[in-house]
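Contents: one structure, followed by commentary.
In what follows, every chain begins at residue 1, and chains take the letters A, B, ... in the order their sequences are listed. Every heavy atom of this structure was used, including side-chain atoms; hydrogens, water molecules and symmetry mates were not. Keep in mind that this is a model prediction, so the values were computed, not measured.
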Amino acid sequence: MGRLALVDCNNFFCSCERVFDPSLAGVPVVVLSNNDGCIISRSEEAKALGIPMGAPLHEQKEVIRKHGVRVFSSNYTLYGDMSARVMSILRDEVGTMEVYSIDEAFLGLGDGFGVEEARKLRAKVLRWTGIPVCIGIGETKMLAKLANRHAKKNRERTGGVFEIREGVEAEELMAGVGCEALWGVGRNLARRLAGLGVYTALDFRRAEPAQIRKSLGVVGERMLREMNGTKCLELEEMPPDRKGVMASRSFGGPVEALEELEEALANHVARASEKVRRFGLWATRVDVFLQTNHFRKGEPQYCPGAGIDLDEPVHGTAELLGIAGRLLKRIYRSGYRYKKVGVMLGGLVQAGAFQPALPFGGVREEPRLDIDRIVDGINRRLGDRKNPVITRGSMGVGKMRIKIGMKGDGNGEAVQARRWRMRSGMKSRAYTTNWNQLIQAG
DNA sequence: TCTGGGGTCCTAGGACCC
DNA sequence: TCTGGGGTCCTAGGACCC
């Protein structure tokens, strides 16, 4: 199993702006979100001023004025273009690669590729594009991410490149990293982990799998394995087909009138449908949603949504507009101060690929499942309960009955297991889990 | 007064079908 | 001690990512 590298552009949007304006070198720079509401990219100098990621612009006005911070609206055309240049350089360097986001890519590494090669690559990207990057190397995506973080945090010492290897050094590093810094662990999971006495990356890595499984679910167990060097998250060279396209905007101030919402929605439908057409796709579902301003604690909140499955694929603006308009009318209530309206075009399909819902008894093609492995996986999951064993299909187990269903989710194998407590008066309970990645690993 | 937009995956639970 | 089995589809929310 080969190692992976994570290449991550530093302060990407700010760096892009700098490439085209040398006067920005050495001064604090920030780039704003779509609506100019929040700060979403900060140069090192801006970070040093204490400007937090995602801060509302109006809260930082004073710092910006005082220190002459240069402020930019985002320019995604520019960033997309710069991203393509960086990615093409990376692609020339390695056999396999996954473009993970506009400013990040995972590389599959051959045996000959080490820290020295990464340094050279880094220098090349900087020389050819003007964009500084950091590179982390590890056995799994999570470890590469962690290595990258270390490289970035200690740029002088590491020269922007770090490889994490099994051993004391890795453990020392992990002991100094809080769980919340791990890829996939946000505020909430970090809090849950703290409740288990797991505070650092090292604690997490050494945690009991069953306990993590119970508390964080299949996602948590996957992360745990990744931290221990077992690949659960594969390199995805081909991006999977997009499942939906969303378009929404916040209003500058509260909006109450239906007509105003309709006007904004029309805009969003137009943008979303253009995008869908550009991908050569059709939508088979339309969702419309409304939101009041959740920052206004005193005001009544109302965040309804409504959607409809279409009988046939659609991607024309006019038609989608009609559908979205009807949905909006369905959820609109007067008397609320709305902050946002949006549309989601979902169930995207390619021309001719549409499979309408089948009448009962019809057969839809499902992905092939290895039932033995799945049953095995379920048994493992149930291992800590009483009377856990199922062999195949469905059967009663003491007071517990397990029903296994299979369902293709278009993403590989998924399994739904239903468990009933059969004592009268108790309701059935269903739990659904995605075994795919874990089975792959285990 | 202002406090983003666009995605993914997972889980829970319910309605409904024969 | 008793307990139906096998399905589909949908909504809604939580959590994370960049």
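Take the nearest nucleotide of DNA chain B for P56(A) and for M344(A): the residue whose nucleotide is more 5' is P56(A). Between G217(A) and M53(A), it is M53(A) whose nearest contact on DNA chain B lies nearer the 5' terminus.
Regarding N188(A), its CG atom lies at a distance of 16 Å from the P atom of dT11(B), rounded to whole Å. Put simply, CE on M246(A) is 11 Å from C1' on dT8(B), counting in whole angstrom units. For the pair E98(A) CD and dC17(C) P, the computed distance is 15 Å after rounding to whole Å. A straight line from CZ of R192(A) to P of dT11(B) spans 11 Å, rounded to a whole angstrom. Spacing between atom CD of E236(A) and atom C1' of dC17(C) amounts to 14 Å, rounded to whole angstrom units. To the nearest angstrom, C1' of dG4(B) lies 7 Å from NZ of K340(A). The separation between E59(A) atom CD and dG4(B) atom P is 11 Å, rounded to whole Å. Rounded to an integer number of Å, the gap from CH2 of W183(A) to C1' of dC16(C) is 10 Å.
In terms of heavy atoms, A151(A) sits closest to I135(A) at CB-O, 3.8 Å.
Distances shorter than 4.0 Å separate none of the side-chain N or O atoms of K339(A) from OP1 or OP2 on dC2(B). Put simply, R187(A) has no side-chain N or O that comes within less than 4.0 Å of OP1 or OP2 on dC16(C). For the pair R242(A) and dG7(B), the criterion of a side-chain N or O lying under 4.0 Å from OP1 or OP2 is met. Between S33(A) and dT3(B), a side-chain N or O to OP1/OP2 separation shorter than 4.0 Å is absent. K275(A) has a side-chain polar atom (N or O) that falls below the 4.0 Å cut-off from OP1 or OP2 of dG7(B). At the phosphate of dT3(B), neither OP1 nor OP2 sits under 4.0 Å from any side-chain N or O atom of N35(A). Residue S74(A) has no polar side-chain atom (N or O) positioned under 4.0 Å from OP1 or OP2 of dG4(B).
Checked by atom type, the side-chain pair T317(A)/R277(A) shows a donor-acceptor distance below 3.5 Å. Donor-acceptor pairing under 3.5 Å is lacking for the side chains of N11(A) and S43(A).
Looking at heavy-atom distances under 4.0 Å, P254(A) makes contact with sugar-phosphate atoms alone, never a base. Counting any heavy atom pair closer than 4.0 Å across all strands shown, R191(A) reaches no nucleic acid atom. Within 4.0 Å (heavy atoms only), G54(A) reaches no atom of the nucleic acid at all. Within 4.0 Å (heavy atoms only), G305(A) reaches no atom of the nucleic acid at all. Within 4.0 Å (heavy atoms only), A247(A) reaches sugar-phosphate atoms of the nucleic acid but no base atom. Across all strands shown, L182(A) has heavy atoms under 4.0 Å from sugar-phosphate atoms exclusively, and none from any base. Contact annotation for D36(A): no contact, since no heavy-atom pair falls under 4.0 Å across all strands. Nucleic acid contact for L57(A): none, since no nucleic acid atom lies under 4.0 Å from a heavy atom of the residue. Contact annotation for G342(A): no contact, since no heavy-atom pair falls under 4.0 Å across all strands. Among the atoms of the strands shown, none is found under 4.0 Å from any heavy atom of F13(A).
Between the side-chain ring of F295(A) and the base of dT3(B), a stacking contact exists by the 5.5 Å and 30° definition.
Taking the six-membered ring where tryptophan is involved, the planes of Y338(A) and Y336(A) are tilted, since the angle between them lies from 30° to 60°. A perpendicular orientation is assigned to the rings of W183(A) and Y100(A), their planes being inclined by more than 60° (bins at 30° and 60°).
In this structure the side chain of E17(A) reaches within 4.5 angstrom of the side chain of V31(A), judged on heavy atoms.
The existence of a salt bridge linking E274(A) and R271(A) is excluded, since no basic side-chain nitrogen approaches an acidic carboxylate oxygen closer than 4.0 Å.
With dG6(B), dT3(B), dT11(B) as the choices, the nucleotide that has an atom nearest any side-chain atom of S250(A) turns out to be dT3(B). With dG4(B), dG5(B), dC17(C) as the choices, the nucleotide that has an atom nearest any side-chain atom of Y76(A) turns out to be dG4(B). Distance from the side chain of V245(A) is smallest to dG7(B) among dC17(C), dG7(B), dG4(B). The side chain of R222(A) has dC9(B) as its nearest neighbour among dG7(B), dG4(B), dC9(B). For R296(A), counting side-chain heavy atoms from C-beta on, the closest listed nucleotide (dG5(B), dC17(C), dC2(B)) is dC2(B). Considering only side-chain atoms of K145(A), the nucleotide from dG6(B), dC18(C), dC2(B) that sits closest is dC18(C). Taking only side-chain atoms of R285(A), from C-beta outward, the nucleotide of dG6(B), dT3(B), dT11(C) with the closest atom is dT11(C).
Annotation: Y332(A) is not in aromatic contact with Y302(A) [ring centroid separation under 6.0 Å not met].
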